[in-house]
Protein chains: 2
Amino acid sequence: MVKKNDINKSALKVNKGIDQPSQINENAVKKITNRVKPQLKIDDYINGILDGNRTILSRAITLIESSLFEHQKLAQQIIEKCLPYSGKSLRIGITGVPGVGKSTFIEALGKHLTSSGHKLAVLAIDPSSERTKGSVLGDKTRMEELSVDKNAFIRPSPSAGSLGGVARKTKETIILCEAAGFDIIFIETVGVGQSEITVHSMVDFFLLLMLAGAGDELQGIKRGIMEMADAIVINKADNDNLLKAKLAKREYENALHLYPPTESGWTPVVDTCSAINNDRIVNVWEIITKYIALTKNNGYFDKNRRDQSVKIMYETINESLKNSFYSEKNIKKLLDEFENDILNNKISSYVAAQKLLEIYFNKKKIDYK
Amino acid sequence: MVKKNDINKSALKVNKGIDQPSQINENAVKKITNRVKPQLKIDDYINGILDGNRTILSRAITLIESSLFEHQKLAQQIIEKCLPYSGKSLRIGITGVPGVGKSTFIEALGKHLTSSGHKLAVLAIDPSSERTKGSVLGDKTRMEELSVDKNAFIRPSPSAGSLGGVARKTKETIILCEAAGFDIIFIETVGVGQSEITVHSMVDFFLLLMLAGAGDELQGIKRGIMEMADAIVINKADNDNLLKAKLAKREYENALHLYPPTESGWTPVVDTCSAINNDRIVNVWEIITKYIALTKNNGYFDKNRRDQSVKIMYETINESLKNSFYSEKNIKKLLDEFENDILNNKISSYVAAQKLLEIYFNKKKIDYK
């Protein structure tokens, strides 16, 4: 059944932000709050972000997540100023159902990256209202080493809200993180909803974490996600699980082999790893760098980035148009009635649509074709 | 790159129809045209359709495809009257790239059905402007037996036009065919575009025809289509090809096995056949009837039908809203400019969207949020 709520969600709708856990460096905060009170000026934000000051970055992200008009206005100004400094990171989507070991994996791969001189930001998209145990908010405490790593920045998902809203906030957060000098961004999702399509539309590389055995573990993964993956990595390939993981690897390879070629020219790769033992984590990173090299070379990397930016504009517009329509009082009232008439074969779906459109546009005194 | 043309296409846009090859029974036509000239009255259409008169059915479909306002008005009245008699057929989507042997397959399966007392309508969706050699228009001459079978009704795709437009016409044609007593409807697509998602949204069962060998033949199939299939049938499993087809069957079975379970509770099936030798065609029909039995039993069949009808209303509305926006003169002018600004990091995708929305709604003197 089409859920009206889904349709109602607009990318422009601003949702109430959540209080962020304070981002260390209390002295810096004190210094700043002494200087400007109660709020930083736009230049303080910009300079702070460009200096890589994580406290200020964090406060700017809180503005992005805020529902207050003044905060949103300031946030948009900051984003606009940061835009020219953005775009230089690698954006990597990581998805997998709860239990697959995402936080352990991100901790292991993250440590490998920061210890090789990279600056890593870990963001999450999770538009569900309940916090699942796989979300970064929980992970943060579990990513013990990464959360105190000065080259890592972990940011939980914005508060529950529409997927479009969360997507916008995440995309804008990426811009700020990039301006702050983070050269690798992980975007984490739990792999059970529509979020993956959204994440896929804002990353350079999409990694799917799986477990060995094609049975129950797969239940949670949405159909279609496997086909989006640039790599499938089977985690927990250790001890008793090792043989099973290797078998699963071959099975997935056979399956991917049957898929049509990707637009990127890249053949999706299957590998195994054991995040908890830090085993084959480096190999995963090698896969990603190979992908980046290939797609930068054949032009797909840049083409994809450009396509993504423009696509976001169109999607935002389309979501807002829908929101304007479905939040109209008269329409809201009539939707159920028309749905029933359709289900009872009293009216065709197209005529129902046409009648509702006439009501909307007449009321709005607009000509439409 | 997002194509503006795609966005511009509205489900409500009416495209120029094509002249239909006359549907036999010249006497009936003469009788009718003598009685009412130059056009049938609404009751003549309704009675003719409910009587199963294929000439009148054909003329009513031509009204659906017409771009004339008067024809559209009449068509909608006919559809409304036919609606209570519709819904009783099995709607089966059949897709496969040109060369897979679709017309031979449809001829073989079609003959099997009509000879067991079924009445079969074969429709096509093919929104491309060029006629591909796989389209029904060409097929009709190739479906030699079926095209003269009094229990079969073959209707080429409406003329080139937007996918939304073609989808609407096809959906409305289904209603008329069902009212005319056709109890099985095939909807054929060539498997290379977006049409399959559209077809998937209007059928009960989705069949993907493939060839043995996972190489070049797959090039044309869009990613994601395999996951929509309720059955994959490998055609041309004969002579030298037989062994290859059997191997392919096992490969696809392994691949499907890795997919997450379907909402219908059905496990997609892989089989082979040789349409030209009429070999294992009956087995394909058995698969379909098993699926229907299962889903009618577990409630998915009806649920899916209801979801589809309502979804069409929402999709039609959403397409029309987009059409209204993107066909606005001011917007058209500014889109390229904003796209460039986004690509040059001068403006964020969200702000660009917001500015365009403001222009649209202000011009339209509408409040939006």
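Note: hydrogens, waters and symmetry copies are ignored here, and every other heavy atom, side chains too, is used. In what follows, chains carry the letters A, B, and so on, assigned in the order in which the sequence lines appear, proteins first and then strands, with residues in each chain numbered from 1.
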Could you tell me the separation between the [atom1] atom of [X] and the [atom2] atom of [Y], rounded to the nearest 0.5 Å?
X       : Y       : atom1 : atom2 : value
E80(A)  : K346(B) : CD    : NZ    : 11.5 Å
I312(B) : S348(A) : CD1   : OG    : 9.0 Å
E227(A) : I225(B) : CD    : CD1   : 9.5 Å
R305(B) : L343(A) : CZ    : CG    : 12.5 Å

Quick one: does S349(B)'s side chain have a donor or acceptor within less than 3.5 Å of a partner on S309(A)'s backbone?
->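 A pair under 3.5 Å: yes.
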Under the criterion ring-ring contact (aromatic ring centres under 6.0 Å, His included), which of F325(A), Y350(A), F338(A), Y326(A) is the partner of Y314(B)?
->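 When ring-ring contact (aromatic ring centres under 6.0 Å, His included) is applied between Y314(B) and each of F325(A), Y350(A), F338(A), Y326(A), only Y326(A) qualifies.
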Atom group of I317(A) that falls short of 4.5 Å from chain B, counting heavy atoms |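 Contact with chain B: backbone and side chain both.
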Given a strict heavy-atom distance threshold of 4.5 Å, which part of I347(A) is in contact with chain B: side chain, backbone, both, or neither?
->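 Both parts, backbone and side chain.
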Segment of L356(B) engaging chain A (4.5 angstrom heavy-atom cut-off) =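 Contact with chain A: side chain only.
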Mind checking whether N318(A) and L321(B) have side chains closer than 4.5 Å, heavy atoms only?
->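 Sidechains of L321(B) and N318(A): no contact.
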Please report the closest heavy-atom contact between A353(B) and M313(A), naming both atoms and the distance.
->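 Closest heavy-atom pair between A353(B) and M313(A): CB-O, 3.7 Å.
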